Protein chains: 2
Amino acid sequence: MTAVLVVDDDPHLLRALRITLRAHGYEVTVAEDGQSALLATARTPPALVILDLGLPDMDGTAVLAKLRGWSQVPVLVLSARHGSEDKVQALDAGADDYITKPFGLDELLARLRALLRRRADPDHEPVVATDAFTVDLGKHRVTRDGEDVRLTPTEWKMLEVLVRNPEKLITQQQLLSEVWGPAYAKETNYLRVYMAQLRRKLEPDTATPRHLLTEAGIGYRFQP
Amino acid sequence: MTAVLVVDDDPHLLRALRITLRAHGYEVTVAEDGQSALLATARTPPALVILDLGLPDMDGTAVLAKLRGWSQVPVLVLSARHGSEDKVQALDAGADDYITKPFGLDELLARLRALLRRRADPDHEPVVATDAFTVDLGKHRVTRDGEDVRLTPTEWKMLEVLVRNPEKLITQQQLLSEVWGPAYAKETNYLRVYMAQLRRKLEPDTATPRHLLTEAGIGYRFQP
DNA sequence: GGGCACGTTAAGGCAACGTCAAGGTCGTCC
DNA sequence: GGACGACCTTGACGTTGCCTTAACGTGCCC
């Protein structure tokens, strides 16, 4: 889950942000002044910081400057001040974005996504692991006992479809059209051949597969 | 010098931007419609794109979507529309920032700096090492047994793409887009020729490469 | 016991890969 | 201005590896 640190001392805004962000799947931590914000960032680095410039203990820009001494974490600045000098100052101090109050929550969320996209693009893909092998969807890689498993393009495509839908039953038609194209819906031969390949490469005991399961007459299922 | 591509069809704004940006040390190129913007980005990739949403030939968001099919270049969107839906739409389409007209030039410049700052500064670029050779991304330099390895520009670009994504599988299309441009997605010949060059210069045993690996039918992978 | 669906294996053809070398283009140096 | 060198492009060739296809074995159910 994506961790976001919200630095603000306005209880109402804080509450609204916390609820909204949580509702959109972010993990939210909170700091109400500059000192604790810096501390929190150092101890458990968040993926992004939302920083209000109006803090009780120190100037927001100063927080930013200190932060930038050792952290590259993306920072989105909130401020009540519309003046362009303030914006310039904050952005040059190291802010990645600047948004003025009052703001729409959907715009805030969109800007947040834009900032996070830059950072966490490739690694956002999950790594699915079983007790026998590991599938890294981002790196496009399969490991077994620490060793790389060589898969052919077709083997990989088929495994990918199954792994992206863990525990879910994938029909033969689904698999065939995803891997070979919709025209191949009758070639169930392919499935048997390639499923055998995958099992030989990935299952400890081919005779009794534990992760690549057959649902006779219907399709296949991946069990993590 | 930092190259900025400005995409806008308003002559006055274009002129103002060109003058201001040049005065601040940027190299400015201009496109007046979506088509030529995409072409320009492909041919001579700028460090940043300033994109006006109101273009004569196609919707700005469509330009953005096409661009994001093959380029990661930071994009700052200009728009006359203040509605939060427009902002959300553009940001989610891949924009990195969104600023509404009229805007202060100093704010624009500040946001521009903020976006460009993210572009890795050479001092913090990683040095990637294998047991056979070392790649210094900041210094733009490759060493092997303490000796400098001479790489041609194309060889370097290709190696850079791979090294920046260690262990990750890079598809042939990705590599071709990044190095030769998106129009060359079919020229897999190039990949074979240049991969052979790189291996000859970097791999101890060309016949059994240990760091520049082929994934037959898909792409290549750098293994540190 | 026959039919059906699935698992397994092996062989053939062909596309993809690695390799080499011959133009072609551009800039540089004499 | 011409010769040279560096680099990119393009084509050809042998080899590897993948996809396809078919044949056979096994377990299950009617």
Side-chain angles (χ1 to χ4, degrees), chain A residues 140 142 148-160 162 169-181 183-222, chain B residues 43-44 140 142 148-162 169-181 183-221:
Chain A
H140 202 288
V142 182
D148 267 26
V149 180
R150 283 184 54 86
L151 294 186
T152 70
T154 309
E155 286 164 8
W156 168 263
K157 269 194 247 170
M158 191 161 149
L159 180 63
E160 188 179 11
L162 291 166
L169 173 64
I170 310 293
T171 68
Q172 299 178 341
Q173 279 64 33
Q174 272 181 281
L175 259 180
L176 285 165
S177 49
E178 292 268 359
V179 179
W180 282 270
Y184 289 71
K186 293 288 178 189
E187 301 285 341
T188 57
N189 238 334
Y190 290 176
L191 296 183
R192 288 201 292 282
V193 171
Y194 277 92
M195 186 54 68
Q197 303 253 31
L198 279 179
R199 287 193 180 128
R200 186 148 45 84
K201 291 184 178 180
L202 299 178
E203 288 279 2
D205 180 12
T206 314
T208 60
R210 285 187 303 176
H211 306 107
L212 299 171
L213 310 179
T214 303
E215 302 276 337
I218 313 178
Y220 295 89
R221 181 197 308 274
F222 168 69
Chain B
R43 289 190 53 180
T44 55
H140 209 280
V142 182
D148 268 24
V149 180
R150 279 186 55 85
L151 294 185
T152 71
T154 308
E155 286 164 9
W156 169 262
K157 267 196 246 171
M158 191 161 148
L159 181 63
E160 186 179 10
V161 174
L162 290 166
L169 174 68
I170 311 293
T171 67
Q172 300 176 341
Q173 278 64 33
Q174 275 180 282
L175 260 180
L176 287 166
S177 290
E178 296 269 356
V179 179
W180 283 270
Y184 290 72
K186 293 286 176 190
E187 300 286 340
T188 58
N189 245 335
Y190 291 177
L191 296 182
R192 289 201 292 281
V193 172
Y194 278 89
M195 185 55 67
Q197 304 255 29
L198 280 179
R199 287 198 179 123
R200 189 149 40 82
K201 292 185 178 179
L202 299 178
E203 288 278 1
D205 180 11
T206 313
T208 60
R210 284 187 304 175
H211 306 107
L212 298 172
L213 309 179
T214 302
E215 301 273 339
I218 314 179
Y220 295 88
R221 184 198 305 275

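Throughout, protein chains are lettered first and strands after them, A, B, ... in sequence-line order, and every chain is numbered starting at 1. None of these values were measured; they are calculated from a predicted model.
Under the 3.5 Å distance criterion, the side-chain polar atoms of A:Gln174 are matched with a main-chain donor or acceptor of A:Thr171.
Using a 4.0 Å heavy-atom cutoff across all strands shown, B:Thr188 reaches no nucleic acid atom at all. Residue B:Arg150 is in sugar-phosphate contact alone, with no base atom involved, counting any heavy-atom pair closer than 4.0 Å across all strands shown.
Taking 4.0 angstrom as the limit, A:Gln197 places none of its side-chain polar atoms (N or O) nearer than this to OP1 or OP2 of D:dC19. Proximity of A:Tyr194 to the phosphate of D:dC19: a side-chain N or O atom is located under 4.0 Å from OP1 or OP2. A sub-4.0 Å separation between OP1 or OP2 of C:dG18 and a side-chain N or O of B:Arg199 is present. Note on B:Trp180: every side-chain N or O is 4.0 Å or more away from OP1 and OP2 of D:dC8.
When distances run from any side-chain atom of A:Tyr220 to the nucleotides D:dC19, C:dG7, C:dG18, the shortest one goes to C:dG7. Closest to the A:Gln172 side chain, of the nucleotides D:dC18, C:dC17, C:dC6, is C:dC6.
Atom CG in A:Leu198 sits roughly 15 Å away from atom C1' in C:dC6 (whole-Å rounding). We find that CD of A:Glu155 is positioned 11 Å from C1' of D:dG17, with the value rounded to whole Å. When the P atom of D:dC7 is taken as reference, atom CE of B:Met158 falls 16 Å away, rounded to whole Å. One atom, CE of A:Met195, and another, P of C:dT8, lie 11 Å apart when rounded to the nearest Å. Here C:dG7 presents its P atom at 11 Å from CG of A:Leu213, a figure rounded to the nearest Å.
DNA chain C lies under 4.0 Å from at least one heavy atom of each of the following residues of residues 205-212 of chain B: B:Thr206.
Remark: A:Gln173 engages no residue in a side-chain hydrogen bond (donor to acceptor under 3.5 Å, both in side chains) (not counting sequence neighbours). Contacts of A:Asp205 classified as salt bridge (charged side-chain N to carboxylate O under 4.0 Å, His left out), with partners at least two apart in sequence or in another chain: none. For A:Trp180, the side-chain hydrogen bond (donor to acceptor under 3.5 Å, both in side chains) criterion is met by no residue, not counting sequence neighbours. The side-chain hydrogen bond (donor to acceptor under 3.5 Å, both in side chains) test applied to A:Glu215 returns A:Arg221, not counting sequence neighbours. Applying the side-chain hydrogen bond (donor to acceptor under 3.5 Å, both in side chains) rule to A:Thr188 yields no partners; only residues at least two apart in sequence or on another chain are considered.
Residues B:Tyr220 and B:Ile170 fail the side-chain proximity criterion, which asks for heavy atoms closer than 4.5 Å.
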At a cut-off of 3.5 Å, list every protein nitrogen or oxygen paired with a nitrogen or oxygen from nucleotides 10-13 of chain D, distance to 0.1 Å.
residue : atom : partner  : partner atom : Å
D:dT10  : OP2  : B:Tyr190 : OH           : 2.5

Give each protein N/O atom lying under 3.5 Å from an N/O atom of nucleotides 25-30 of chain D, with the pair distance.
none

What side-chain donor-acceptor pairs closer than 3.5 Å can you find for residues 189-203 of chain B, not counting sequence neighbours?
residue  : atom : partner  : partner atom : Å
B:Asn189 : OD1  : B:Arg192 : NH2          : 3.0
B:Gln197 : OE1  : B:Arg200 : NH2          : 3.2
B:Arg199 : NE   : B:Leu212 : O            : 2.9
B:Arg199 : NH2  : B:Leu212 : O            : 2.9
B:Arg199 : NH2  : B:Thr214 : OG1          : 2.6
B:Lys201 : NZ   : B:Arg150 : O            : 2.9
B:Lys201 : NZ   : B:Glu155 : OE1          : 2.8
B:Lys201 : NZ   : B:Glu155 : OE2          : 3.4
B:Glu203 : OE1  : B:Arg210 : N            : 3.0
B:Glu203 : OE2  : B:Arg210 : N            : 3.1
B:Glu203 : OE2  : B:His211 : N            : 2.7
B:Glu203 : OE2  : B:Leu212 : N            : 2.9

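Closest approach of A:Leu213 and A:Pro209 over heavy atoms only: CD2-O, 3.3 Å.
Between B:Thr154 and A:Thr152, the residue whose closest nucleotide on DNA chain D is further toward the 5' end is B:Thr154.
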